[in-house]
Amino acid sequence: MIDFFVNHWPSRRGGEERSQPRRINAASTLLRYLDSLNTVRTPPNFVIMGDFNDEPHNYSMSNILSASEYTDNSSLINLAWDIYNQGEGTLLYQNDFNMLDQIIISKSFKDGNGIDYIDNSFEIFRDDSFIYKDGKRKGSIVPSFEGGKYIGGYADHLPVVAKFLLIKN
């Protein structure tokens, strides 16, 4: 059994530091659900995804959820770490990409049984049809709205994807 958690955590409106307690609360709420399911799922198979409005290094992700880069002792693996460390991101804000959209998996998806995450398959999905090709927003997604006006775009964040493999025993 796989448990999917689709998230959209509180925004950074008002500033990252000022809004941080709301995202810490969201992380704590999610952790309570994960801890509860950990008692009945052996092994737990969690896929946690969405717009967290925090980056992998932020307190809510790295300290509350303990979603880390892959290590033998990490129970939750944040697949976004590698490309985040390369400076990539899903939202262009003040000429800097932020990695706010992530996929986190339980370590059971790396054990060779059932369904496994395909190493290095996490990526930011970019399609030429919805990406700015030039200008100050080059590489970012064309939004639905700009300055309160509908411009026919798609969203304000780039989507993320990861691939998994069904292993037949």
Side-chain angles (χ1 to χ4, degrees), residues 1-111 114-126 140-141 143-145 154-164:
M1 177 174 291
I2 300 173
D3 294 292
F4 289 88
F5 295 85
V6 180
N7 296 258
H8 190 187
W9 288 5
S11 78
R12 293 179 168 203
R13 181 165 286 138
E16 180 184 345
E17 188 174 318
R18 184 172 168 216
S19 62
Q20 181 184 33
R22 294 189 296 272
R23 289 184 303 284
I24 289 173
N25 185 49
S28 298
T29 300
L30 174 59
L31 186 60
R32 282 195 301 276
Y33 280 100
L34 298 176
D35 286 345
S36 177
L37 283 172
N38 265 326
T39 64
V40 295
R41 303 280 196 257
T42 306
N45 293 306
F46 301 138
V47 177
I48 306 160
M49 65 185 97
D51 173 1
F52 295 95
N53 277 306
D54 265 342
E55 296 188 282
H57 76 276
N58 288 126
Y59 189 83
S60 64
M61 303 301 283
S62 62
N63 292 71
I64 302 293
L65 291 182
S66 299
S68 64
E69 297 178 71
Y70 182 70
T71 63
D72 290 337
N73 62 356
S74 59
S75 60
L76 291 177
I77 304 162
N78 189 334
L79 302 179
W81 266 108
D82 285 344
I83 62 174
Y84 168 71
N85 285 335
Q86 295 169 21
E88 293 190 48
T90 57
L91 174 72
L92 185 64
Y93 179 72
Q94 296 182 349
N95 297 318
D96 186 32
F97 275 101
N98 294 283
M99 190 70 219
L100 303 181
D101 304 274
Q102 300 157 56
I103 299 174
I104 300 165
I105 60 172
S106 52
K107 70 178 177 181
S108 59
F109 287 104
K110 304 271 295 166
D111 66 6
I115 297 176
D116 264 21
Y117 166 68
I118 298 174
D119 286 340
N120 302 310
S121 69
F122 177 87
E123 65 181 334
I124 299 171
F125 182 77
R126 291 180 170 88
S140 68
I141 195 166
S144 301
F145 291 88
Y154 299 90
D156 59 342
H157 295 234
L158 292 164
V160 294
V161 296
K163 295 177 184 173
F164 293 81

Got a second to check how far S28's OG is from R23's CZ, nearest 0.5 Å?
12.5 Å
Those residues at least two apart in sequence (or on a different chain) that pass side-chain hydrogen bond (donor to acceptor under 3.5 Å, both in side chains) with Y117 are none
Can you see which heavy atom on F97 is nearest to which on E88, and at what distance?
CB-C, 4.3 Å
Can you name the residues that form a salt bridge (Lys or Arg N to Asp or Glu O under 4.0 Å) with R12, not counting sequence neighbours?
E16, D54
Residues forming a ring-ring contact (aromatic ring centres under 6.0 Å, His included) with Y154, sequence neighbours excluded:
F130
Output, in order, the C-alpha distance, side-chain angles, deciding distance and verdict of side-chain contact (heavy atoms from CB on, under 4.5 Å) for F5 and I104.
CA-CA 10 Å; F5 295 85; I104 300 165; over 6 Å; no
Minimum side-chain heavy-atom gap N7-M49 below 4.5 Å:
no
Go through T90 and M99 one step at a time and tell me if the side-chain contact (heavy atoms from CB on, under 4.5 Å) criterion holds.
CA-CA 5 Å; T90 57; M99 190 70 219; 3.7 Å; yes
Does S144 have any side-chain contact (heavy atoms from CB on, under 4.5 Å) partners at least two apart in sequence or in another chain, and if so, which?
Y150
With distance as the sole test, does D96 use its side chain to make a donor-acceptor pair with the main-chain N or O of Y93 at under 3.5 Å?
no
Which atom pair, heavy atoms only, marks the closest approach of F122 to I83?
CE2-CD1, 3.2 Å
Which heavy atom of L158 sits nearest a heavy atom of G89, and at what distance?
CD1-O, 4.0 Å
Partner set under side-chain contact (heavy atoms from CB on, under 4.5 Å) for D111, not counting sequence neighbours
S108, N113, D116
Has the side chain of S36 got a donor or acceptor atom that lies under 3.5 Å from a matching backbone atom of R32?
no
Please enumerate all residues that pass side-chain contact (heavy atoms from CB on, under 4.5 Å) together with I118, with sequence neighbours excluded.
S121, K163, L165
Return the CD1 to CG distance between I124 and D101, rounded to the nearest 0.5 Å.
8.5 Å
H57 and S62 have their tightest heavy-atom pair at O-OG, 3.2 Å
Quick check against the 3.5 Å criterion: does N78 have a side-chain atom that pairs as donor or acceptor with the backbone of A80?
yes
Is there a donor-acceptor contact under 3.5 Å from the side chain of N53 to the main chain of W9?
yes
The test is side-chain contact (heavy atoms from CB on, under 4.5 Å); show your working for L91 and D51 and say whether it passes.
CA-CA 10 Å; L91 174 72; D51 173 1; over 6 Å; no
Test item: V160 and Q102 side chains (from C-beta on) under 4.5 Å apart, heavy atoms
no
Any residue meeting side-chain hydrogen bond (donor to acceptor under 3.5 Å, both in side chains) with D119, in chain and number order, not counting sequence neighbours
K110
State which residues pass side-chain contact (heavy atoms from CB on, under 4.5 Å) with N25; sequence neighbours excluded, sorted by chain then number.
T29
Check whether S106 reaches the backbone of P44 with its side chain - one donor and one acceptor, N or O, closer than 3.5 Å.
yes
Work out which heavy atom in V161 is nearest to a heavy atom in F125; give both atom names and the distance.
CG1-CB, 4.4 Å
Are there over 12 heavy-atom neighbours, none belonging to Q86, within less than 6.0 Å of that residue's CD?
yes
Interatomic distance, CZ@F52 vs CG@N98, rounded to 0.5 Å, equals 15.0 Å
Please report the closest heavy-atom contact between S68 and S74, naming both atoms and the distance.
OG-CB, 3.0 Å
Derivation and outcome, side-chain contact (heavy atoms from CB on, under 4.5 Å), residues F46 and L37
CA-CA 9 Å; F46 301 138; L37 283 172; 3.8 Å; yes
Taken in chain and number order and not counting sequence neighbours, the residues that satisfy side-chain hydrogen bond (donor to acceptor under 3.5 Å, both in side chains) with D156 are none
Taken to the nearest 0.5 Å, the spacing of L34 CG from S75 OG works out to 8.5 Å
Set of salt bridge (Lys or Arg N to Asp or Glu O under 4.0 Å) partners for E69, sequence neighbours left out:
none
The reported gap from OG in S19 to CD1 in I24 (rounded to nearest 0.5 angstrom) is 10.0 Å
Determine which pairs satisfy ring-ring contact (aromatic ring centres under 6.0 Å, His included) with at least one residue from residues 13-45, sequence neighbours left out, and list them in order.
none
Atom pair CD/OG of Q20 and S60 - distance to nearest 0.5 Å
7.0 Å
For D3, all residues meeting side-chain hydrogen bond (donor to acceptor under 3.5 Å, both in side chains), sequence neighbours excluded
R41
